[in-house]
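Worksheet: one structure, shown below.
The analysis underlying the following values was restricted to heavy atoms, covering all of them including side chains, and did not include hydrogens, waters or symmetry mates. Position 1 is the first residue of the sequence; numbering continues from there.
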Amino acid sequence: MIELRKSKPEEVPELQELFQLCFGDSLECSGLYFNNFYRPEEYLILREEDKLCAMAGLLNLILTEPSGRVVKAAYLYGMGTHPDHRGRGHAAQLLNYADFYLHGKRDCLVTVPADDPLHAFYGKFGFDECFPLWEGEAVPRAPRAGETSLPVDAAAYDALRERLLADQFHVSYGVLTGLQERLCAFSGGALLSLNVNGIPGCAAVERWGDTAICKELLIAPEGLEGALALAAQAVYAKRFILRLPAFCSQAGLSKRSFGMIKWYDPIAAKRWREADAPYLGLAFD
């Protein structure tokens, strides 16, 4: 017998075990979410014969428009199926149940597929490509006079981020910025406030082994080179991977599809489909 429902707090150890099986995350790493941001009503599960077989997080966030109008959204996070139960349609059942579960609560569902085949998979369930970005390896120069950085907490970073994105269609994370703060700290990275000769910016940088990943770098174009230098100085690594919004550009980076979105509100969908390069940013990937 298959059971589809929201999760219960006492099921967190099972969810973390499934996280490890699906994504390789240690208990310490998955605990960054489950110990600080987990809400039972934001995690759907599929049980078969009383065994946890599949899961899907539906984290609350909002989409913000330049006019100040906001759209209620959910972020599909940590969706996975137990290796012994794959190929049985459990992911499809969870996605269909998510549509039912979110009806009247959220206006859209956002996700970041882990690879190209998953883009095709989600496309079969009504998701459209959205949130393109530039990504690639960068070789930063050294910082110069007038270029400074400062580690900041999630609240300060979120406030700065919203100011920098005020004129763009973008995803706003609110309290979930705290999850990125913990991911940065756990990996050896940081959330940064940047100043390039009076031009404000911000960066979210993780460091995994000998590679730093700048998951977000926001600054006016004339400050970009200096901002990259500051981010690389603050979080040193042998390799530096940079992600930039599609409305920016940087030599040597490749443009690619990043996020996808499934709309429940057709009016909001029209506005966002007509927008120039909506921006997602933090992905917790």
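- Distance CG/L59 to CG/L76: 8.5 Å, rounded to 0.5 Å.
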Quiz prompt | Step-by-step side-chain contact (heavy atoms from CB on, under 4.5 Å) determination, F169 to T64 | solution = CA-CA 6 Å; F169 281 75; T64 301; over 6 Å; no

Quiz prompt | ring-ring contact (aromatic ring centres under 6.0 Å, His included) assessment of F34 paired with Y43 | solution = CA-CA 11 Å; F34 285 105; Y43 235 94; 5.8 Å; yes

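- Listed by chain and number, the residues in a side-chain contact (heavy atoms from CB on, under 4.5 Å) with D115 are P117, L118 (sequence neighbours excluded).
- Through chains of ILVMFWY side-chain contacts below 4.5 Å, I62 is grouped with V70.
- Under the 4.0 Å criterion applied to side-chain N and carboxylate O atoms, R39 and E41 are assigned as salt-bridge partners.
- Atom-to-atom distance recorded for L27:CG and Q16:CD is 5.5 Å, nearest 0.5 angstrom.
- Using modelled atom types, no side-chain atom of E48 and backbone atom of M1 make a donor-acceptor pair closer than 3.5 Å.
- Note on L176 and L15: same hydrophobic cluster, where clusters join Ile, Leu, Val, Met, Phe, Trp and Tyr whose side-chain heavy atoms are under 4.5 Å apart, directly or indirectly.
- Among residues two or more places apart in sequence or in another chain, the side-chain hydrogen bond (donor to acceptor under 3.5 Å, both in side chains) test is passed with S193 by none.
- Residues T177 and D158 have side chains that bring a donor and an acceptor to within less than 3.5 angstrom of each other.
- The closest donor-acceptor contact from the side chain of R256 to the backbone of P132 lies at 3.5 Å or more, if one exists at all.
- Between the W263 side chain and the A268 main chain, no donor and acceptor come within less than 3.5 Å of each other.
- Cluster partners of V175: none. The rule joins Ile, Leu, Val, Met, Phe, Trp and Tyr whenever side-chain heavy atoms lie under 4.5 Å apart, and it links nothing here.
- Salt bridge status for R47 with E14: present, with a side-chain N to carboxylate O gap under 4.0 Å.
- Side-chain atoms of E11 come within 3.5 Å of backbone atoms of K8 as a donor-acceptor pair (strictly under, hydrogens ignored).
- Of all non-hydrogen atoms in F258 and A283, the two that sit nearest each other are CZ-CB, 3.6 Å.
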Expected list for residues 119-127: side-chain donor-acceptor pairs under 3.5 angstrom, two or more places apart:
{"from": "H119", "atom 1": "ND1", "to": "E129", "atom 2": "OE1", "distance (Å)": "3.0"}
{"from": "H119", "atom 1": "ND1", "to": "E129", "atom 2": "OE2", "distance (Å)": "3.0"}

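- Closest approach of Y38 to V12, counting heavy atoms only: CE2-CG2, 3.5 Å.
- The shortest side-chain heavy-atom distance between L109 and I261 does not fall under the 4.5 Å cut-off.
- Under the 3.5 Å distance criterion, the side-chain polar atoms of R106 are left unmatched by any main-chain donor or acceptor of A74.
- Here the closest non-hydrogen pair linking L194 and S149 is CD2-CB, 3.7 Å.
- Between the side chains of H170 and E65, not a single donor N or O lies within less than 3.5 Å of an accepting N or O.
- Note on K262 versus D99: salt bridge recorded, some NZ/NE/NH1/NH2 to OD/OE distance being below 4.0 Å.
- Looking at every heavy atom in both residues, N197 comes nearest to A145 through OD1-O, 3.5 Å.
- In this model, no donor atom of one side chain and acceptor atom of the other lie less than 3.5 Å apart for S30 and Q20.
- Looking at every heavy atom in both residues, P200 comes nearest to G198 through CD-O, 3.5 Å.
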Quiz item: Does the pair K51 and H85 meet the rule for a side-chain contact (heavy atoms from CB on, under 4.5 Å), with working shown?
Solution: CA-CA 10 Å; K51 180 178 179 61; H85 293 263; 3.5 Å; yes

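- Here ring-ring contact (aromatic ring centres under 6.0 Å, His included) pairs that include residues 171-203, with residues two or more places apart or in two chains, are Y173-F284.
- Under the salt bridge (charged side-chain N to carboxylate O under 4.0 Å, His left out) criterion, E17 pairs with no residue, sequence neighbours left out.
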Exercise. Decide side-chain contact (heavy atoms from CB on, under 4.5 Å) for N195 and L230; before the verdict, give the C-alpha distance in whole Å, the side-chain angles of both, and the deciding distance to 0.1 Å.
Key: CA-CA 9 Å; N195 186 306; L230 291 170; over 6 Å; no

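- Rounding to the nearest 0.5 angstrom, the gap separating the SG atom in C29 from the CG atom in L183 is 6.5 Å.
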Practice problem: Could you give me the CA-CA distance, side-chain angles and deciding distance for Y33 and F19, then say whether ring-ring contact (aromatic ring centres under 6.0 Å, His included) is met? | Solution: CA-CA 11 Å; Y33 167 73; F19 245 76; 7.2 Å; no

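- Once rounded to the nearest 0.5 Å, the distance linking NE2 of H103 with NZ of K105 reads 9.0 Å.
- Contact record, M260 with P113: SD-CG, 3.6 Å, taken as the closest heavy-atom pair.
- With sequence neighbours excluded, the residues forming a side-chain hydrogen bond (donor to acceptor under 3.5 Å, both in side chains) with T211 are R239, listed by chain and number.
- Annotation: salt bridge (charged side-chain N to carboxylate O under 4.0 Å, His left out) contacts of E147 (sequence neighbours excluded): R141.
- Applying the salt bridge (charged side-chain N to carboxylate O under 4.0 Å, His left out) criterion to K270, with sequence neighbours excluded, gives E274.
- For the atom pair CG of L228 and CD of Q233, the computed distance is 11.5 Å after rounding to the nearest 0.5 Å.
- Remark: D107 engages V71, K72, D265 in a side-chain contact (heavy atoms from CB on, under 4.5 Å) (not counting sequence neighbours).
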With a 3.5 Å cut-off and sequence neighbours excluded, list the donor-acceptor pairs that the side chains of residues 213-220 form with protein atoms.
{"from": "K215", "atom 1": "NZ", "to": "E206", "atom 2": "OE2", "distance (Å)": "3.1"}
{"from": "K215", "atom 1": "NZ", "to": "D285", "atom 2": "O", "distance (Å)": "3.2"}
{"from": "K215", "atom 1": "NZ", "to": "D285", "atom 2": "OD1", "distance (Å)": "2.9"}
{"from": "E216", "atom 1": "OE1", "to": "Y157", "atom 2": "OH", "distance (Å)": "2.7"}
{"from": "E216", "atom 1": "OE1", "to": "R161", "atom 2": "NE", "distance (Å)": "3.0"}
{"from": "E216", "atom 1": "OE2", "to": "R161", "atom 2": "NE", "distance (Å)": "3.0"}
{"from": "E216", "atom 1": "OE2", "to": "R161", "atom 2": "NH2", "distance (Å)": "3.2"}
{"from": "E216", "atom 1": "OE2", "to": "Y279", "atom 2": "OH", "distance (Å)": "2.8"}

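- In this structure, L160 is not a member of the same hydrophobic cluster as V205, with clusters built from ILVMFWY side-chain heavy atoms closer than 4.5 Å.
- Between E42 and K6, no side-chain nitrogen of the basic residue sits less than 4.0 Å from a carboxylate oxygen of the acidic one, so the salt-bridge criterion is not met.
- Atom CH2 of W134 is separated from atom CG of L244 by 9.5 Å, given to the nearest 0.5 angstrom.
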Exercise. Decide side-chain contact (heavy atoms from CB on, under 4.5 Å) for L192 and V152; before the verdict, give the C-alpha distance in whole Å, the side-chain angles of both, and the deciding distance to 0.1 Å.
Key: CA-CA 6 Å; L192 300 169; V152 292; 5.9 Å; no

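- When each of L102, L58, L4, L95 is checked for a side-chain contact (heavy atoms from CB on, under 4.5 Å) with L44, only L58 meets the rule.
- By the rule that hydrophobic residues join a cluster once side-chain heavy atoms approach within less than 4.5 Å of another member, L32 and L191 end up as members of separate clusters.
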